[in-house]
Amino acid sequence: MTLPAPSRTHQKTKRPAQLFRNLNAKFASIPMILTALVVFVGGTTWTVVHSFTKSRLLPKLDFVGFDQYERLWSSNRWMTSVENLLIYGVCSLVLTMTIGFTLAALLDRKIRFEGVFRTIFLYPFALSFVVTGLAWQWILNPDFGVQNVVRGWGWTGFAFDPLNNPDIVIFGILIAGLWQGTGFVMVIMLAGLRGIDEDIWKAARVDGIGVVKTYVKVIIPMMRPVFVTALVIIASGIIKLYDLVVAQTNGGPGISSEVPAKYVINYMFRAQNLGQGFAASTMMLLSVIIILVPWAYLEFGGKKRG
Amino acid sequence: MNFTKKMMTAALALAASAAHSADLEVTHWWTSGGEAKAAAAFAKAVTEGTDHTWVDGAIAGSGGTARPIIISRILGGDPMAATQLNHGRQAEELIEAGLMTDLTELAEAEGWADFVNPTALLDSCTLDGRVYCVPVNIHSAQWLWLSHDAFESAGLDVPSNWNEFVAAAPALQEKGIVPLAMGQQGWQQNIAFAALTIAVVGVDTWRQVTVEKNADVAAGPEYAKVFEAVVDARKLAEDSNVQDWNLATNMVITGKAGGQIMGDWAQGEFAIAEQVAGEDYTCLPGMGLNEVIDTGGDAFYFPVVDDLEVKAAQLEMASILISKEAQVAFNLAKGSLPVRGDIDLSTANDCMQKGLKILADGGVLPSGDQNLSADTQTQIEDLMAEFWASDMTAEDAQGRYASIVADAD
């Protein structure tokens, strides 16, 4: 706590000069700053304000207080959506990270044909979520896909139809999501691993530390920035989960695989109820902020100390 | 002098040529086989009847996909010359915001009110006494489609109403036939629910809930019977795993399913499969219990545009769409009923004739789109999607339905 104080006074003396330093760069970034303010901050404020109105097809400033939110949280479909997103989010985060890192670590062991494996693992990422969703819809279809193939091999009692079972349908979507996203995380992790100095490995070997232990105790802590990058990419993918669900199940069976983003789109456009859609999107924003603010505080607030 | 004259002639010629050939972009979501043929019939009528060109703006996917695109184009200041929408409350706010062309003068000059049958169609195009759309066809949703093959293979007579159908179901199941084909999508399940409602409680009670939005009736004992009937239907549809309505219809066509509750557009599928009404399949309007049909359907709206030429062309087009010739050509292709009571459709098939007869007898109801806002419709569809796919009890579903009705606007 002693360090920040002097640095602040230091800044104070420099401030007048700093405002005019790099004037060209500052001038050049005005369009971007304006875009950020008008489009992101302005658009967000507009949405939040209108979520307290009873806007239907057209936005109107006809305030109704928290009515839209009350309706939102008493709606079964929204509750199912939130629950699905939580399950999908936690599983996707943990599994993508674990599988991604494991694959990267395995590739990093200087195996043969590394390039081939890397391409194979990364390939699904080149497909859009819509294509992924359709492909996995067919693979998981009990009449054509995995279940049918295994039954064809003789196990006639074999049952694997997650997309037709309301209780586990979200895991059917999770499989497709993992298949699509893990390769990309693996590549990020691999880049991080390649950034680790060879000398670390040599030192570990000299000290007689096992490979796994070196990874867990030394390498992973050193790769913190890479993990943060991967985390942000995965997390943003989770929150906006939409096209995969639309392509794979369209929210079915019933409403058992609905997700919040789909609720927003449906209520804004199909139900022509902007207020309700805005309320739902505000809740999505709020959940991001609740997770992001403490994290950003820890991450960037901590920098000053270091 | 000479120069001025030349200029004027040139300007006149320019104006004249422009007035004669406006490009009219028309958006619609008629993309399946029969539908595309019907849209082409309209395009032909417009191209031949006027000097304007019909620029086809078909949007693939159902109305649910197309409507947001159409609406956001109108709101975004890039209006098309004309667009299909379902008449009813979908365009209400667009009209209130002054984004749709007022057709009242044309409607009065041509006397639409005299020949549009049922009059409810024109009413739902009217807001505060002004007409804003041209109804082009009538589609009704209260039909039970039955496969003769399925019932023959089970050694049964083809049922003549819903109750007989339910009674015959166990025999079908024994033969491995799914009694009721049902696409697992909310709007289809909602159609089945609405059709069952009218069949079970009758028109008057239905009207109290759907038109007058009386939540007490919706929560009452009569409606309880409806939800019990849906629970029964849910059991009959247990083994139906298809999603799209036409795949469900296909189950009926191939005899894998006994029947399907679906709108009269299912007829197009039977026609493409070259099946004959009364021989290969039977249609029962109003589920064979209450012979009424609703008067949903499509209408054309003309967004307000700045271009004066297009403005004039819009009115010409409106007049063509409702003309006798275009109505006959369009509706025969689409399998829907015409909006005019004064044309001859003797070439229509058995099912269409049944529909026409009901229409002539006045057994008509306003459709869901005419009674309920898109918001309420979506909520009911969400409820139905959940109700049909889970083991939710009839009481639960009824309670939630009643609260949606209570909040409806």
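Keep in mind that the numbers below use all heavy atoms, side chains included, and drop hydrogens, waters and symmetry copies. Nothing here was measured: the structure is a model prediction, and the numbers come from that model. Note on naming: letters A, B, ... go to the chains in the order of the sequence lines (proteins, then strands), and numbering restarts at 1 for each one.
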Pairs of heavy atoms under 4.5 Å with chain A: top-ranked of B/A374, B/P68, B/G186, B/A97: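 So the answer, after comparing B/A374, B/P68, B/G186, B/A97, is B/A374.
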Max heavy-atom pair count under 4.5 Å with chain A, selected residue of B/I71, B/T378, B/L75, B/T376: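 Among B/I71, B/T378, B/L75, B/T376, the one with the most close pairs to chain A is B/T378.
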Contacts of residues 52-90 of chain A with chain B (heavy atom under 4.5 Å):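 Within residues 52-90 of chain A, the residues that come under 4.5 Å of chain B (heavy atoms only) are A/R56, A/L57, A/L58, A/K60, A/R71, A/N76, A/R77.
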Any residue of residues 261-280 of chain A which, by heavy atoms, sits under 4.5 Å from chain B: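 At a heavy-atom separation under 4.5 Å, chain B is reached by A/Y267, A/F269, A/R270, A/A271, A/Q272, A/N273.
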With sequence neighbours excluded, residues passing side-chain hydrogen bond (donor to acceptor under 3.5 Å, both in side chains) with B/R130: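 For B/R130, the residues satisfying side-chain hydrogen bond (donor to acceptor under 3.5 Å, both in side chains) (neighbours in sequence not counted) are B/D102, B/T104.
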Within 6.0 Å of NZ in B/K213, more than 12 heavy atoms from elsewhere: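 Yes, because the 6.0 Å sphere around NZ of B/K213 holds more than 12 heavy atoms from other groups.
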Heavy atoms of other groups near B/D306 CG, more than 12 under 6.0 Å: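 Counting other residues, nucleotides and ligands, CG of B/D306 stays at 12 neighbours or fewer.
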Per-residue contacts, residues 379-391 of chain B versus chain A, heavy atoms under 4.5 Å: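 The list, in residue order, reads B/Q379, B/E381, B/D382, B/A385, B/E386, B/A389.
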Residue among A/G254, A/G251, A/P166, A/P253 with most heavy-atom pairs under 4.5 Å to chain B: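 With the most close heavy-atom pairs to chain B, the winner is A/G254.
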